[in-house]
Amino acid sequence: MMDHRGSDQGGSLFGGAMVLVATGVVLAVAYNLAGLVSEPSFGLPWIAQPKQLQELALNEDGVAADGVPSEAAVEGFSTDISDPMGVFGFEDSEAAELIESLPSPEVAEYPLQVQMSAVKRFYDAGAALIVDARDAEDYEAGHIPGAINLPYDEFAGHYEFLETLDTGGRPIITYCSGGTCETSMNLAFDLRSVGHSKVLVFLGGYPEWEDGGLPVDQGPGPEPEVR
Amino acid sequence: MDGLKRFVTHRWTVRVCQIVVGLVLIAAALPKIGDMHSFAAQVHNYRMVPVPLENLLAMVLPWVELVAGLSLVLGVRARAGAVVATLLMATFIVAVGAAFARGLDIDCGCFGTADAAQVGLAKLAEDAVYLALCGVALLRPRPG
């Protein structure tokens with residue numbers, strides 16, 4: 001039963017496997033080098049960078065105004081998130097103006113990060129769907145009033161649901177716990193990838209909102225609307 | 001049982017399994033090599049690897065698959081290729097299983113963007129079949 005074909009003995013079997021892996025590594029490095037050098041380049045950066053967000057440019061009034069019209073239609077949408085009908089036009093023309101002032105996706109690489117001043121303006125005008133990406137527990141302990149709760153751990157990768165999320169034609173603003181918390185950014189990328197074009201990320205998060213002395217709600221909040 | 005063992009360890013059975021596994025690996029590797037950026041995004045979806053390492057993995061994994069696949073198909077150091085294939089398959093099962101358990105509704109990325117298969121039970125079952133074939137591909141065929 002002993003088979004003395006040398007290259008198949010246990011030790012050199014592992015050795016043989018390592019040779020194959022090493023060959024693969026060498027080929028991969030060579031291929032990527034070729035890719036980085038070629039025109040057009042098809043190589044990957046050796047060290048992947050975490051995603052950086054462009055920031056929404058604000059003018060003196062505190063709102064982006066690049067003159068490019070928003071793609072969101074402003075008729076027939078409700079500013080009231082909990083309104084299941086969603087068929088009322090914006091009563092507040094300021095909301096419509098704010099939404100229209102956002103750069104179009106052709107010009108800006110959404111999701112964009114926004115400062116609290118911009119969030120506050122959208123909040124005051126009811127011009128955005130605000131999404132809390134934290135756990136239900138954190139959400140109920142205190143959240144931005146009117147924000148819906150989409151805990152990232154639950155909704156990550158649930159593209160079908162995210163696609164049907166009804167924003168009422170408004171941009172989405174995601175936030176989480178500020179600091180190094182990445183879930184608002186991750187959720188924003190997921191929302192962007194299923195087709196929501198205007199997604200904004202408030203990196204300061206709930207702590208910055210609360211520290212600003214702004215109103216907060218506790219307990220359960222509005223339910224997400226789906227189309 | 002003895003008949004089954006005779007069948008499984010027959011040199012033709014082992015060889016066929018090596019070739020099948022090898023072809024699957026080559027088919028899996030080529031689309032990923034052809035579009036490394038998309039594959040890197042699919043790796044990112046799993047959230048299993050530190051972000052700085054994701055591109056290295058996306059670069060290296062398909063070439064290791066390709067080399068192992070070629071060794072199996074061509075019968076050059078085929079058992080070593082089967083070892084690599086088995087390790088790869090075991091890793092994929094863990095990754096797909098973990099993503100599935102976390103409820104991630106993501107592309108498997110198993111064949112890069114060439115297939116639209118999602119992470120789920122069907123994919124786990126498919127990988128289990130491949131793992132079984134790898135097991136046979138690993139065998140030292142009985143003489144005669």
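When reading the values below, keep in mind they use all heavy atoms of this one structure, side chains included, and skip hydrogens, waters and symmetry mates. These figures come from a predicted structure and were not determined experimentally. Naming convention: chains lettered A, B, ... in sequence-line order (proteins, then strands); numbering from 1 in each chain.
Of all heavy-atom pairs spanning A:Leu44 and B:Ala40, the tightest one is CD1-CB, 4.1 Å. Here the closest non-hydrogen pair linking B:Ser71 and A:Leu20 is OG-CD1, 3.7 Å. Taking all atoms of both residues into account, the shortest heavy-atom contact from A:Val21 to B:Val64 is O-CG2, 3.9 Å.
Using a 4.5 Å heavy-atom threshold, the side chains of B:Val67 and A:Leu27 count as touching.
For A:Gln54, the CD atom counts as densely surrounded, since its 6.0 Å shell holds more than 12 non-hydrogen atoms of other residues, nucleotides or ligands.
Legend: residues meeting disulfide bond (SG atoms under 2.5 Å apart) with B:Cys134, ordered by chain and number and at least two apart, are absent. Applying the salt bridge (charged side-chain N to carboxylate O under 4.0 Å, His left out) test to A:Glu208 and every residue at least two apart in sequence or in another chain returns nothing.
Heavy atoms closer than 4.5 Å to chain A are found in both the backbone and the side chain of B:Leu56. Interface remark: B:Arg47 contributes side-chain atoms only to the contact with chain A (heavy atom separation under 4.5 Å). Both the backbone and the side chain of B:Ile33 come within less than 4.5 Å of a heavy atom in chain A.
For the atom pair B:Arg79 CZ and A:Ser12 OG, the distance stands at 9.0 Å (nearest 0.5 Å). Distance CG/B:Leu66 to OH/A:Tyr31: 11.0 Å, rounded to 0.5 Å.
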Legend entry - Worked check of side-chain contact (heavy atoms from CB on, under 4.5 Å) between B:Met59 and A:Val29: CA-CA 8 Å; B:Met59 268 177 236; A:Val29 169; 5.9 Å; no

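In terms of heavy-atom pairs under 4.5 Å with chain A, the best-connected choice from B:Glu54, B:Arg102, B:His37 is B:His37. For the options A:Gly35, A:Gly43, A:Ala17, heavy-atom pairs under 4.5 Å to chain B are most numerous at A:Ala17. Taking chain B as the reference chain and counting heavy-atom pairs below 4.5 Å, the highest number among A:Gly16, A:Ala22, A:Gly24 is found for A:Gly24.
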